[in-house]
Visitor: 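Starting off with a structure, shown below.
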There are 2 protein chains.
Amino acid sequence: MLHEEVVGRIRAILLDGEIPPGARIPERELCDRLQISRTPLREALKVLAAEGLVHLLPHRGSRAAKLTDKDMRDLFEVCQGLEALAGELACERITDGEIDEIATAHASMVQHYREGDLIQYYRGNRAIHEAIVAAAGNPVLSGLYASVTARIRRARYVTPMSPQRWAFAVSEHEAILNALQRRDGVGLSHILRAHLRHKREEVLQAGFAETDGSELALKIA
Amino acid sequence: MLHEEVVGRIRAILLDGEIPPGARIPERELCDRLQISRTPLREALKVLAAEGLVHLLPHRGSRAAKLTDKDMRDLFEVCQGLEALAGELACERITDGEIDEIATAHASMVQHYREGDLIQYYRGNRAIHEAIVAAAGNPVLSGLYASVTARIRRARYVTPMSPQRWAFAVSEHEAILNALQRRDGVGLSHILRAHLRHKREEVLQAGFAETDGSELALKIA
DNA sequence: AGCCCTATTTTTGCATGCAAAATTCGAGTA
DNA sequence: TACTCGAATTTTGCATGCAAAAATAGGGCT
């Protein structure tokens with residue numbers, strides 16, 4: 001198994017919440033599961049620590065990172081900046097074909113909205129945001145965006161929405177598509193920022209800051 | 001020696017160009033120099049690879065990353081976005097005391113300009129940009145900024161400037177300080193973007209894309 | 001019982017060793 | 001001389017083992 005694959009698999013385990021935020025990362029257990037020894041596992045953990053997904057405590061092992069409200073706010077803030085930049089750049093560089101693809105994805109997402117399928121709606125939603133970032137044609141930007149969005153993915157794409165809020169989010173997406181089709185970079189960047197600001201308020205209001213295992217147990221109980 | 005220290009020291013070696021871009025990273029030699037074994041060294045190299053400072057080639061070791069013109073453009077583009085965001089946030093959050101500190105740093109930088117001391121000018125310049133980012137009060141942003149700017153540091157703060165260009169850069173900095181003092185976030189973000197765009201054009205025009213050891217040898221010869 | 005101090009166990013962090021892959025070197029050929 | 005093919009050497013990637021630190025358990029004390 002390649003180094004990048006190890007990193008990817010552990011990342012997935014963390015993002016899925018299989019190891020809940022704040023919980024200790026069972027080194028030995030992961031070694032057994034991934035069929036690797038401690039050396040490559042620990043290499044991967046250090047990389048994930050640099051990404052912010054893992055906290056390393058000297059001589060005390062590693063824990064799945066736990067996001068506070070402040071972390072969440074900071075991450076959304078940066079995400080707004082990155083998507084705004086991506087929107088502007090995308091409008092300069094996107095091809096007609098790519099716009100058509102996004103329009104198709106948009107239509108499909110709206111269909112899921114009409115059907116009330118939140119899971120599929122979120123899936124399409126995320127694909128659109130990622131397509132816009134990809135259209136910016138800047139791999140550095142794509143990389144930072146991937147790293148930042150990974151950390152807020154669950155909050156962003158799991159939080160339930162009120163019918164009003166959902167309807168409004170869809171209308172924002174209409175505006176996003178529209179600005180993209182007009183290649184209005186400044187307009188698109190403003191809409192994206194507002195769109196994400198709203199999402200952030202929603203997430204924080206829902207109290208989605210991550211808890212450690214014990215608090216989680218309390219919440220579930 | 002702590003893990004973070006190992007990463008830091010290797011990063012410094014790479015940023016100083018002691019191991020030139022494109023050159024092979026001599027594992028054994030670094031082990032001797034840092035007085036550590038291969039295990040912690042390799043952990044650090046994987047982290048630096050995730051940061052983009054090192055390229056890992058499976059079964060072929062690691063090399064100091066080499067920036068192409070495109071990489072440089074992409075990095076500056078993202079840097080523009082990050083500084084613009086930082087400028088807006090800073091105007092919302094910066095204290096009067098912090099503004100005074102930046103004003104002092106600015107005055108000192110202008111003095112270095114008058115004295116024609118480019119090295120000291122760049123040092124002060126960098127301190128101001130970093131202070132603005134710090135004033136944004138967003139550690140996630142600060143982290144990404146640090147990582148992006150590290151990669152373009154040499155290009156950004158080493159390229160010589162024509163007298164006209166230097167004078168203009170100073171005038172841009174006057175405007176930056178002014179916007180900050182007026183807490184004009186939108187204005188500041190525009191100035192910062194333009195400022196960085198000009199710097200990027202300058203750097204690319206100077207042909208600062210990084211070369212590998214052999215090309216470097218040719219340039220020096 | 002509650003608390004603290006010590007002995008045992010577990011876990012961490014790193015050096016080392018070994019198999020596999022890649023690179024280098026050299027002999028043989030054209 | 002230039003080139004190719006193959007053996008020797010070096011380097012990489014990982015499993016393992018060991019010393020040090022931390023967590024845990026247990027016994028004695030108040």
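Reminder, nothing fancy here: chain letters follow the sequence lines and each chain counts from 1.
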Visitor: For B:M1 and C:dT12, give me the distance from atom CE to atom P, rounded to whole Å.
Guide: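 Rounding to the nearest Å, CE of B:M1 and P of C:dT12 are 22 Å apart.
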Visitor: Take atom NE2 of A:H59 and atom P of D:dA22, then tell me their distance rounded to the nearest Å.
Guide: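 In whole Å, D:dA22 P and A:H59 NE2 are 6 Å from each other.
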Visitor: For A:Q111, check side chain to side chain donor-acceptor pair (under 3.5 Å) against everything at least two apart and list the hits.
Guide: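 With sequence neighbours excluded, A:Q111 shows a side chain to side chain donor-acceptor pair (under 3.5 Å) to A:E115, given in chain and number order.
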Visitor: For B:H195, give me all partners under ring-ring contact (aromatic ring centres under 6.0 Å, His included), at least two apart in sequence or on another chain.
Guide: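 B:H195: ring-ring contact (aromatic ring centres under 6.0 Å, His included) contacts with B:H129, B:H173.
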Visitor: List the residues meeting side chain to side chain donor-acceptor pair (under 3.5 Å) with B:E18, not counting sequence neighbours, and say none if there are none.
Guide: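 Side chain to side chain donor-acceptor pair (under 3.5 Å) list for B:E18, sorted by chain: B:R33.
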Visitor: How many Å lie between CD1 on B:I25 and P on D:dT11, as a whole number?
Guide: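 These atoms are roughly 15 Å apart.
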Visitor: What residues, two or more places apart in sequence or in another chain, satisfy side chain to side chain donor-acceptor pair (under 3.5 Å) together with A:R38?
Guide: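 Partners of A:R38 under the side chain to side chain donor-acceptor pair (under 3.5 Å) test: A:E27.
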Visitor: Can you tell me how far NE2 of B:H112 sits from CG of B:D117, rounded to the nearest 0.5 angstrom?
Guide: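 B:D117 CG to B:H112 NE2: 6.5 Å, rounded to 0.5 Å.
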Visitor: I need the CG-P distance between A:L56 and D:dA21, as an integer number of Å.
Guide: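 A:L56 atom CG is separated from D:dA21 atom P by 19 Å.
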Visitor: Return the nearest nucleotide to the side chain of A:R60; candidates are D:dA23, C:dT12, C:dC14.
Guide: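 That would be D:dA23.
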Visitor: Which whole-number value in Å describes the distance from B:R24 CZ to D:dT11 P?
Guide: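 Going from CZ in B:R24 over to P in D:dT11 covers 7 Å.
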Visitor: Looking at DNA chain C, which of residues 27-44 of chain A put a heavy atom within less than 4.0 Å of it?
Guide: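 Within residues 27-44 of chain A, the residues near DNA chain C are A:E27, A:R38, A:R42.
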Visitor: Got a sec, which residues hit ring-ring contact (aromatic ring centres under 6.0 Å, His included) with B:Y145, two or more places apart in sequence or on another chain?
Guide: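 B:Y145: no ring-ring contact (aromatic ring centres under 6.0 Å, His included) contacts found.
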